[in-house]
Amino acid sequence: MTTVRERRAKDGLEILLCDLDAFYASVEQRDHPEYRGKPVIVGGSPTGRGVVSTCSYEARQFGVHSAMPSAKAKQLCPGAIFLPGDMARYRRVSEQVFAIYERFTPDIEIVSIDEAYLALPAGKGLAAAAEIHRTVWEELNLSLTIGVSANKLLAKIASELAKPDRVGALWPEEVEALLWPLSLEMLPGLGPASVQKLNRIGITTIGHLAAAPFDLLQKYFGKSALTLQRSARGIDERPLEPFREAKSISEEKTFSMDLADEEALRAVLMAQAESLGYRLRSGGLRARTVSLKLRYADFRTITRDRTLPAPTDRDLELYQTAIELFTIHKGRPPWRLVGLRVSGLVSGQQISIFDSLPAEKKEMELEQVCDRLQDKYGGAVVYRARRLLKPPPEID
Amino acid sequence: MSLILSKASLYRSLDIVEKALPKESPIQALENVLLESDSNQLTLSTTNLELQVKVSLPYEGDEPVSVLIPAKITDIIRFLPAPEVKLDLNPDNLQIAISSGRAKYNLFGAASSDFPRIEEASPSHGESMTISSSELKDILRTVVFAASTEETRPAFNGVLFEFDAHRWSLISSDTYRLVFKSIFNEAWRFQNNRCLVPAKALRELLKILDQEEEEVTLFPSKDQLIFKFASVYYAARLLNEKYPDISSVIPERHSTRIMVNRKEIKETISRAALLAEGLNNAICLSVSDGSLTVRVSSQIGRMEETVAIEHEGEEIDLYINSRFIMDILKATTTEAVVVDFHGKTGPVIFRLPDDEHYLYLVLPIKMD
């Protein structure tokens with residue numbers, strides 16, 4: 001006889017929902033010991049019309065929650081520390097957290113800056129979750145909550161039930177005992193209006209919804225009735241969506257002093273091409289269009305595009321295209337700013353018969369080695385000699 | 001010169017020569033149809049310098065003529081009201097009077113001295129092959145579609161013809177997929193010869209090869225490949241490009257082989273293609289125990305469909321351009337197709353059960 005767990009192991013995956021606790025506020029408390037143990041509110045100013053973006057658990061005790069007008073939060077919790085937030089810093093920290101997730105699985109769907117679904121082989125979910133929880137705390141001093149289950153829906157509910165700072169599981173076989181007694185508000189995707197509608201027809205718990213006659217639900221919810229009832233039964237077949245395509249990637253440099261040396265400018269373009277190539281390759285993307293941005297000494301700024309015959313992620317092809325555009329549009333030196341942008345991004349690389357030809361192979365292997373070095377040591381470790389030509393002064 | 005022709009046969013002849021008529025040319029004479037006659041035939045010729053086409057019509061008369069007629073003549077003949085057309089050429093002012101029923105035209109012709117002469121070539125050392133128009137059509141239809149229409153790598157705008165003793169081989173590719181086809185005929189005798197024929201000329205040829213059975217004679221001559229059939233002389237100038245050696249792309253051993261009903265898979269892929277988007281038109285194929293699952297996931301939504309197959313070898317799943325698959329399924333007519341896989345990033349090879357000398361290779365899309 002096979003147990004439920006073994007059956008699940010046969011068909012595959014366990015899903016983790018990793019949710020950083022009160023993320024922005026936690027980063028602030030971590031980096032400013034004086035904020036620890038105090039209510040911290042990141043968001044709009046309490047004197048303006050802004051809203052709360054994130055608040056620490058200390059602030060939540062006063063009834064403050066996210067999306068609440070900051071002015072109201074100030075009334076509820078007059079002693080709170082209000083901070084405008086530093087998105088660039090949060091994003092950097094978020095990247096460090098996601099890098100930890102990547103040690104455990106390549107299958108990651110990033111939901112937001114502080115939330116991601118991870119897929120692991122069946123049977124490995126809980127152990128990985130505990131390990132991730134410990135690693136994030138030890139390395140980054142941040143707490144997070146992880147929900148573990150067989151699908152995204154149950155993993156999300158598991159994390160809601162477990163939070164904060166814990167790992168919790170909610171398995172399909174536990175749905176009846178643990179999920180059904182809960183009120184409808186606990187079901188993700190069910191808004192207040194729907195909850196009210198359901199309450200009016202006598203459905204107040206998730207269990208009621210799971211057992212409700214389908215015809216009745218269909219009458220009130222039409223096409224979404226099926227998904228609704230399946231959710232209540234803990235069924236969710238949405239796959240992980242690891243590809244969330246960016247529309248474009250760009251690099252830009254403003255020079256602290258106008259740059260008149262064309263060779264130096266070419267060196268900047270090479271650095272930008274290499275950086276964009278690296279970012280494309282590490283995202284598994286290729287770009288169809290290359291755009292050059294130039295600002296002349298008189299502040300006139302132009303952007304010129306060129307579409308490639310086939311999408312590329314190759315440094316040299318990006319560089320050569322940039323140079324072709326530059327040659328046509330360089331105007332008169334000096335230049336204040338130069339930028340390179342790639343767009344028309346496609347995921348997946350159509351393999352060509354040339355990929356097996358010796359010359360192409362050599363250039364590709366070279367790029368792979370450089371990428372690995374960059375992955376390992378950060379920043380450009382090895383680069384093309386063109387970049388050595390008179391590094392210009394720059395402002396980031 | 002004065003003659004009466006059937007509107008249908010004159011229109012068909014003009015429709016054929018129009019394939020080599022340039023819309024615009026630096027040599028103005030080329031924007032015309034050359035009409036010539038000798039004692040027993042009338043010929044219509046055009047050329048865009050890459051392609052030369054000449055059609056002859058029966059004619060009985062004594063005065064030789066040579067005049068350029070404006071390209072508009074094709075439409076004029078097409079819309080004439082009566083089944084017969086009368087043409088009169090005034091040799092003094094080169095005007096051509098056309099009359100048919102109540103329609104009458106007077107076209108201004110021009111002297112033909114600027115028009116390049118088309119010297120008809122003939123096969124050297126009897127090096128030519130003859131094939132029925134229907135067979136030639138079938139071959140070209142299953143080969144030419146794979147050639148590139150982009151101008152970035154000019155060699156791939158051509159179809160490589162290789163003649164060797166009794167064998168004629170064709171290779172066509174756009175660097176992402178390729179067709180390899182060969183035909184063997186005891187009656188053919190060739191010296192070893194390779195030529196790169198513009199796919200464009202072959203696409204136009206496909207349009208004019210008649211449904212009716214007729215013999216087509218085909219032979220290389222200097223920098224041209226000549227097709228002769230019925231009253232048509234069709235000469236394509238060869239591409240002077242180096243075609244890379246692609247033999248290493250075709251692997252010897254497959255890891256997975258499936259056989260699938262062509263019509264069924266064609267319908268499935270065309271449904272999947274509705275959601276496939278972007279440049280790659282990517283869809284996912286998964287082969288496992290007796291079934292082929294086609295999946296696509298895009299910004300619009302997802303679809304999944306399973307087709308029954310015969311399957312041997314490993315299970316596999318990979319991403320591939322749906323358009324490339326549709327091309328082969330549309331170009332062929334067999335009941336079933338055999339598909340060989342060579343791992344996740346190796347080529348996918350389509351074979352026809354009744355033709356061991358045909359293969360269509362598609363390289364997959366790497367998702368990393």
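Note that the coordinates shown come from a computational prediction; the quantities given were computed from them, not determined experimentally. Just so you know, these numbers use all the heavy atoms, side chains as well, and skip hydrogens, waters and symmetry mates.
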Q: Check salt bridge (charged side-chain N to carboxylate O under 4.0 Å, His left out) between R262(B) and all other residues, then give those that pass, not counting sequence neighbours.
A: none
Q: Would you give the length of the straight line joining atom OG of S352(A) to atom CZ of R153(B), rounded to the nearest 0.5 angstrom?
A: 6.0 Å
Q) Does the Q350(A) side chain pair with the main chain of N321(B), one donor and one acceptor, at a distance under 3.5 Å? A) no
Q. Quick one: side chain to side chain donor-acceptor pair (under 3.5 Å) pairs with a partner in residues 318-327 of chain A, sequence neighbours left out?
A. R306(A)-E324(A), Y319(A)-R386(A)
Q | Side chain, backbone, both or neither of S173(B) within contact of chain A (heavy atoms, under 4.5 Å) | A | side chain
Q: Start with the C-alpha distance between T345(B) and I351(A), add both sets of side-chain angles, then the distance that settles side-chain contact (heavy atoms from CB on, under 4.5 Å), and finish with yes or no.
A: CA-CA 8 Å; T345(B) 55; I351(A) 302 170; 3.8 Å; yes
Q | Min side-chain heavy-atom separation L363(B)-I353(A) under 4.5 Å | A | yes
Q | Beyond-backbone contact of F354(A) with T175(B), side-chain heavy atoms, under 4.5 angstrom | A | yes
